[in-house]
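Comments concern the structure below.
Side chains included, hydrogens not; waters and symmetry mates left out as well; all remaining heavy atoms used. Since we're looking at a predicted model, the values are computed, not measured.
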Amino acid sequence: MTTTGRSRLARRVKLKEAHIITRMMNLAEGLDDVIKLGRGDPDLDTPEHIVRAGQQALAAGATHYTHPLGIPDLRRAIAANIVAHGGAQYAPEEIVVTPGGQQAMFIIALGLLDPGDELLMPCPGYNPYLQAAELTEAKLVEVRTGIDTNFTLTADLLRQHITPRSKLLVLINPSNPTGTVIPPDEVARICEVAVEHDLLVVSDEIYARLTYDGHIAQPVAALPGMRERTITLSGVSKAYAMTGWRVGYFAGPGDLMPALAEIHHSFAISTSAVGQHAALAALTGPQDCVEDIRSTFDERRKVLCDGLTQMGIPHAEPQGAFYVYARVAETGVPATEFCERVLRDARVMIFPGRMYGDYTDDYARISLTQSVPRIHEALARMAEVVKALRAEHASP
Ligand code: PLP
């Protein structure tokens with residue numbers, strides 16, 4: 001079997017991102033002491049009380065399928081949590097717990113998109129949404145954003161891309177890979193465009209509790225006219241350091257949910273019982289762990305941004321999430337080449353923006369997934385490569 005796949009749908013999925021990551025992973029395998037700032041999987045451990053709840057659930061026999069939509073107590077806790085953070089009211093039947101928010105993206109795309117429908121998405125943006133669009137044979141409409149606006153989607157920009165086939169808008173706020181938080185009043189204007197053009201919206205709010213410098217990620221479904229057209233997607237992976245437990249969810253209006261719940265059931269039957277019990281403990285237990293996690297990323301972000309600035313590498317201002325999006329092409333080589341060089345020569349793994357559907361090969365995403373001393377070490381190692389590249393590309 002080749003890596004290009006055999007089916008019509010498999011061929012449609014863009015594989016260039018897969019090639020980049022496979023090449024980087026293969027390269028890393030032969031190297032010692034690689035500082036991994038690639039994947040969005042932080043070094044932080046799940047808080048102890050959550051781990052304990054998982055252990056207790058297992059000991060008490062949580063080893064079976066659960067209700068297909070998710071354990072009712074967990075769905076009630078999710079509903080309460082959404083409201084507590086300024087979101088819309090949902091009944092437990094309007095929430096589906098999935099094996100990670102990642103799977104929810106594909107359920108939603110399969111349930112809502114027909115071939116030829118247009119899916120609008122800010123670019124660069126988290127790439128699985130692009131793949132979901134391609135699998136359903138929807139047309140991806142990239143709404144290109146740039147560093148001049150800190151990669152912020154605006155209502156005006158969105159309006160320029162609307163056509164009679166526009167069906168679904170994906171908003172990822174805060175953004176992966178750019179760390180942008182769209183200001184609340186701009187989110188409101190974007191939602192007015194969605195109402196005017198009868199768009200459905202997937203609002204990916206998985207990083208909503210990880211924002212900095214007072215930035216706030218406005219929950220979309222709480223805005224006028226939005227609840228009936230919005231699917232809110234989130235999960236516990238990021239705010240509670242629970243990436244490996246694989247628990248996410250989506251919530252939406254009652255008329256859309258039964259079909260989506262059916263697709264979820266076909267994919268997963270239900271989400272892991274132990275993961276759901278741990279997620280319940282996360283959402284209903286003490287919340288100071290979220291602030292600890294947020295302030296950890298805040299400190300790391302400042303260290304990384306300062307280091308990049310000292311190296312003369314421009315970057316977006318990370319207002320949320322845990323990534324810094326840096327214009328590494330400033331060093332004289334395309335970002336894909338820069339990332340390979342940094343991995344080979346400095347043993348630091350970062351990912352080129354092309355993996356996130358960037359329309360340029362200028363940027364790299366650097367994840368804040370290691371401690372401050374490791375980030376300092378990564379910066380020192382990268383500085384050597386940057387110096388060498390600048391010397392190689394200096395005009396004679
Ligand atoms: N949404 C965004 C924007 C992400 O970056 C990720 C993971 O990196 C997810 C959703 C999915 O996370 P999970 O499947 O761990 O819930």
Side-chain angles (χ1 to χ4, degrees), residues 37 40-44 47 78 80-88 101 121-122 124-126 129 145 147 149-155 170-191 201-223 226 230 232-243 248-249 251 282-283 286-306 308 315-326 356 365-370 372 375:
L37 306 177
D41 186 7
D43 58 338
L44 309 174
I78 290 169
N81 192 261
I82 293 174
V83 168
H85 293 95
M121 185 165 143
Y126 190 50
Y129 286 105
T145 60
I147 200 164
T149 59
N150 205 47
F151 297 96
T152 308
L153 177 71
T154 62
V170 175
L171 278 183
I172 307 168
N173 195 31
S175 158
N176 176 5
T178 63
T180 310
V181 176
I182 306 171
D185 55 351
E186 198 59 54
V187 173
R189 281 192 285 274
I190 289 168
C191 290
V201 177
V202 175
S203 181
D204 184 329
E205 300 176 8
I206 202 160
Y207 296 104
R209 298 193 61 194
L210 303 175
T211 60
Y212 315 107
D213 298 334
H215 288 281
I216 291 170
Q218 166 66 46
V220 164
L223 292 171
M226 292 310 292
T230 303
T232 303
L233 182 151
S234 191
V236 291
S237 288
K238 311 292 179 175
Y240 297 92
M242 291 179 68
T243 48
Y249 60 84
L283 295 177
Q287 296 299 296
D288 40 349
C289 56
V290 179
E291 176 50 25
D292 291 347
I293 290 169
R294 193 202 67 81
S295 56
T296 300
F297 289 132
D298 193 12
E299 189 192 357
R300 293 177 179 186
R301 149 190 102 102
K302 288 174 186 152
V303 170
L304 187 57
C305 288
D306 283 354
L308 290 171
H315 52 82
E317 178 202 344
Q319 302 161 330
F322 45 70
Y323 309 105
V324 178
Y325 206 54
Y356 308 95
R365 189 192 79 170
I366 309 174
S367 301
L368 302 168
T369 44
Q370 298 287 314
V372 166
I375 290 175

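Across every non-hydrogen atom of Pro124 and Thr178, the tightest pair is CG-CG2, 3.9 Å. Between Ile206 and Gly235, the shortest heavy-atom contact is CG1-N, 3.8 Å. Taking each heavy atom of Ile78 and Leu283 in turn, the nearest pair found is CG1-CD1, 3.6 Å. Listed here is the closest heavy atom pair of Ser203 and Thr230: CB-CG2, 4.0 Å. Nearest heavy atom pair, residue Pro177 against residue Tyr323, reads O-CB, 3.6 Å. Considering all non-hydrogen atoms of both residues, Thr243 and Gly40 come closest at CG2-O, 4.1 Å.
No side-chain heavy atom of Thr232 sits under 4.5 Å from any side-chain heavy atom of Pro219. Counting heavy atoms from C-beta on, the side chains of Val202 and Leu171 never come closer than 4.5 Å. With a 4.5 Å cut-off on side-chain heavy atoms, Asp41 and Thr369 do not count as touching. Using a 4.5 Å heavy-atom cutoff, the side chains of Thr152 and Pro183 are in contact. Looking at heavy atoms from C-beta onward, Gln218 lies out of side-chain contact with Asp185 at the 4.5 angstrom threshold. Phe322 is listed as a side-chain neighbour of Pro42, based on a closest heavy-atom distance under 4.5 Å. A heavy-atom distance below 4.5 Å is found between the side chains of Leu308 and Ile366. The shortest distance between side-chain heavy atoms of Leu368 and Val324 falls below 4.5 Å.
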Step by step, would you call Ile190 with Thr154 a side chain to side chain contact (heavy atoms under 4.5 Å, CB included)? CA-CA 7 Å; Ile190 289 168; Thr154 62; 5.9 Å; no

Could you go through the side chain to side chain contact (heavy atoms under 4.5 Å, CB included) check for Val201 and Cys191 one step at a time? CA-CA 9 Å; Val201 177; Cys191 290; over 6 Å; no

Step-by-step side chain to side chain contact (heavy atoms under 4.5 Å, CB included) determination, Arg300 to Leu37: CA-CA 12 Å; Arg300 293 177 179 186; Leu37 306 177; over 6 Å; no

Any chance you could lay out the side chain to side chain contact (heavy atoms under 4.5 Å, CB included) test for Val290 and Tyr240, step after step, and finish with the verdict? CA-CA 6 Å; Val290 179; Tyr240 297 92; 3.4 Å; yes

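In this structure, Tyr207 has its ring center at least 6.0 angstrom away from the ring center of Phe297.
Here the OH atom belonging to Tyr129 is positioned 5.5 Å from the CD1 atom belonging to Ile172, to the nearest 0.5 angstrom. How far CD1 of Ile82 is from OG of Ser234: 7.5 Å, rounded to the nearest 0.5 Å. Remark: Arg301 CZ to Thr296 OG1 distance equals 13.0 Å, nearest 0.5 Å. Atom CG of Asp292 and atom CD of Gln287 lie 11.5 Å apart (nearest 0.5 Å). Distance check, rounded to the nearest 0.5 Å: OG of Ser367 to CG of Asn176 gives 7.5 Å. Atom CD of residue Glu186 and atom OG1 of residue Thr149 lie 10.0 Å apart, to the nearest 0.5 angstrom.
No more than 12 heavy-atom neighbours from other residues, nucleotides or ligands sit within 6.0 angstrom of CD1 on Ile216.
When each of Arg294, Lys302, Gln319 is paired with Tyr212, the side chain to side chain contact (heavy atoms under 4.5 Å, CB included) condition holds for Arg294 and for no other.
Using cut-offs of 30° and 60° on the angle between ring planes, the pair Tyr356 and Tyr126 is parallel.
Proximity of a side-chain donor or acceptor of Glu205 to a complementary backbone N or O of Ala217 within less than 3.5 Å is not detected.
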